[in-house]
Participant: 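Here's a structure for you.
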Amino acid sequence: MTPNKAPIEPLSDASIEKAAKILAAGGLVAFPTETVYGLGGDATNGEAVARIFAAKGRPSINPLIVHVADLAAARRTAAFNPLADKLAATLWPGPLSLVLPARSDAGISSLTSAGLSTVAVRVPASAAARQLLTACGLPIAAPSANRSGGISPTRAAHVQTSLPGPDDGGPALILDGGPCAVGLESTVVDLSTETPTLLRPGGVASEDIEAVIGRLAIAGNDDLAPKSPGMLSRHYAPATPLRLEARRAEPGEVFLGFGSVEATPGLNLSPKADLIEAAANLFQYLHQLDQRSATAIAVAAIPEHGLGRAINDRLRRGATR
Ligand code: AMP
Ligand code: MG
């Protein structure tokens, strides 16, 4: 094994077992699906999910799709409604992700859904992916297994070239299932609001979805997607104003600290200044501080490197809405 490249292993019962163990221990595994290769981590483990963002070098934190082995597991993760039941019955397993209210008892990390109360869930058609999901028995968060800005990988070798090796935060293992059958990302449909909305076109044609549940609105299209006040924003931001790069909380404020600062009153994202830990805590702590009826959440400066850039991107968006 070359130290700076993730090892590729062909699919076998042994390699799947090994991958499942890595995932259960909070590690990362790249695995084939019918859409593209995914970079998977335990969706219930915030630090595992933070490692996904770090490995991809994503400049921002967006919600990730949660992959599960079957419909029963999907129902344990998200609250289904009649439209979701219909789509799941006709188009799953397959390249279709459904955005639904998250079930709080599923334990999905708030980083997986970027602080939203919804979760995108999918049962992949790929037998290899389902075997892995069954073997680990966990919901697996998995964006495409490429460096941010790179091309989506449809072969194990693409993953190996694009992502860092295990010593540099990349996957511990790449499962090789050959070329992906679809080669396109999954279609994402939001069923958590009044109007079913296409958030991203992908492997399942929108016509095939409309044939099952009727007309889909298109995200961002004002005529079709009515902006009702209660409509869920695709990005979570606290109701309390954010004051960034603060040194301390002023009277009436709460403090979101980082590193060796006194975070009173408030919470510290990572007293040991670990960006992985900070990302894992980010949304949960923002939600908690948002409950305190403070005049503002004062946020300590977060270093602008690695995962810190993605954290800062989220904080800046939350501060300027
Ligand atoms: P990727 O994981 O890179 O394939 O991208 C996932 C896609 O699903 C992105 O377009 C996300 O914004 C979208 N997505 C995932 N979860 C949610 C959610 N809870 N609400 C809205 N969009 C979501
Ligand atoms: Mg991608």
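What you are looking at is a predicted structure, and each value in this text was computed from that prediction instead of being measured. Sequential numbering from 1 along the given sequence is applied to the chain's residues.
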Participant: Would the number of heavy atoms belonging to other residues, nucleotides or ligands and lying under 6.0 Å from CD of Glu210 be above 12?
Facilitator: yes
Participant: Nearest 0.5 Å, please: how far is CD1 in Ile108 from CZ in Arg76?
Facilitator: 11.0 Å
Participant: Would a distance-only check, ignoring hydrogens and angles, find a side-chain to backbone donor-acceptor pair under 3.5 Å from Lys56 to Ala145?
Facilitator: no
Participant: Using the side chain to side chain contact (heavy atoms under 4.5 Å, CB included) definition, which of the options Ile213, Asp208, Leu96, Val212 pairs with Thr90?
Facilitator: Val212
Participant: Can you tell me if Arg247 has over 12 outside heavy atoms packed within less than 6.0 Å of its CZ?
Facilitator: no
Participant: Kindly indicate whether the side chain of Ile302, heavy atoms from C-beta on, has any atom under 4.5 Å from the side chain of Leu269.
Facilitator: yes
Participant: Drop me the distance from Lys272's NZ to Ser260's OG, to the nearest 0.5 angstrom.
Facilitator: 14.0 Å
Participant: Between His158 and Ile151, does a side chain to side chain contact (heavy atoms under 4.5 Å, CB included) hold up when you go through it step by step?
Facilitator: CA-CA 9 Å; His158 298 166; Ile151 300 165; over 6 Å; no
Participant: State plainly whether the residues Arg51 and Asp42 are in salt-bridge range, i.e. N to O under 4.0 Å.
Facilitator: no
Participant: Is it the case that Thr35 and Thr33 place a side-chain donor and acceptor less than 3.5 Å from each other?
Facilitator: yes
Participant: Test side chain to side chain contact (heavy atoms under 4.5 Å, CB included) on Phe258 and Ile311; report intermediate values, then the result.
Facilitator: CA-CA 12 Å; Phe258 178 83; Ile311 296 172; over 6 Å; no
Participant: Do Glu9 and Ile16 have side-chain heavy atoms sitting under 4.5 Å apart?
Facilitator: no
Participant: What's the separation between atom CG in Leu111 and atom CG in Asn45, rounded to the nearest 0.5 Å?
Facilitator: 10.0 Å
Participant: Quick one: does Thr240's side chain get under 4.5 Å of Leu289's, heavy atoms only?
Facilitator: no
Participant: According to a hydrophobic-cluster definition based on side-chain heavy atoms being under 4.5 Å apart (Ile, Leu, Val, Met, Phe, Trp, Tyr only), do Leu173 and Ile8 belong together?
Facilitator: no
Participant: Might you work through the side chain to side chain contact (heavy atoms under 4.5 Å, CB included) test for Asn62 and Arg314, ending with a clear yes or no?
Facilitator: CA-CA 9 Å; Asn62 297 315; Arg314 254 303 145 253; 3.4 Å; yes
Participant: Take atom CG in Asp105; do more than 12 heavy atoms of anything else shown fall under 6.0 Å from it?
Facilitator: yes
Participant: Just wondering, are more than 12 heavy atoms of other shown residues or ligands nearer than 6.0 Å to CZ in Arg200?
Facilitator: yes
Participant: Taking Asn4's backbone N and O only, do any of them form a donor-acceptor pair with Asp167's side chain (distance below 3.5 Å, no angle check)?
Facilitator: no
Participant: Among Glu245, Arg317, Glu304, which residue satisfies the side-chain hydrogen bond (donor to acceptor under 3.5 Å, both in side chains) criterion with Asn312?
Facilitator: Glu304
Participant: Please tell me whether Leu256 and Ile276 are part of a single hydrophobic cluster in this structure, the criterion being side-chain heavy atoms less than 4.5 Å apart.
Facilitator: yes
Participant: Carefully, step by step, assess Asp70 and Arg130 under the rule side chain to side chain contact (heavy atoms under 4.5 Å, CB included).
Facilitator: CA-CA 8 Å; Asp70 51 34; Arg130 288 225 306 283; 5.8 Å; no
Participant: Quick one, Leu184 and Pro95 - any side-chain contact, counting heavy atoms below 4.5 Å?
Facilitator: no
Participant: Would you confirm whether Tyr37, through its side chain, and Gly177, through its main-chain N or O, come within 3.5 Å as a donor-acceptor pair?
Facilitator: yes
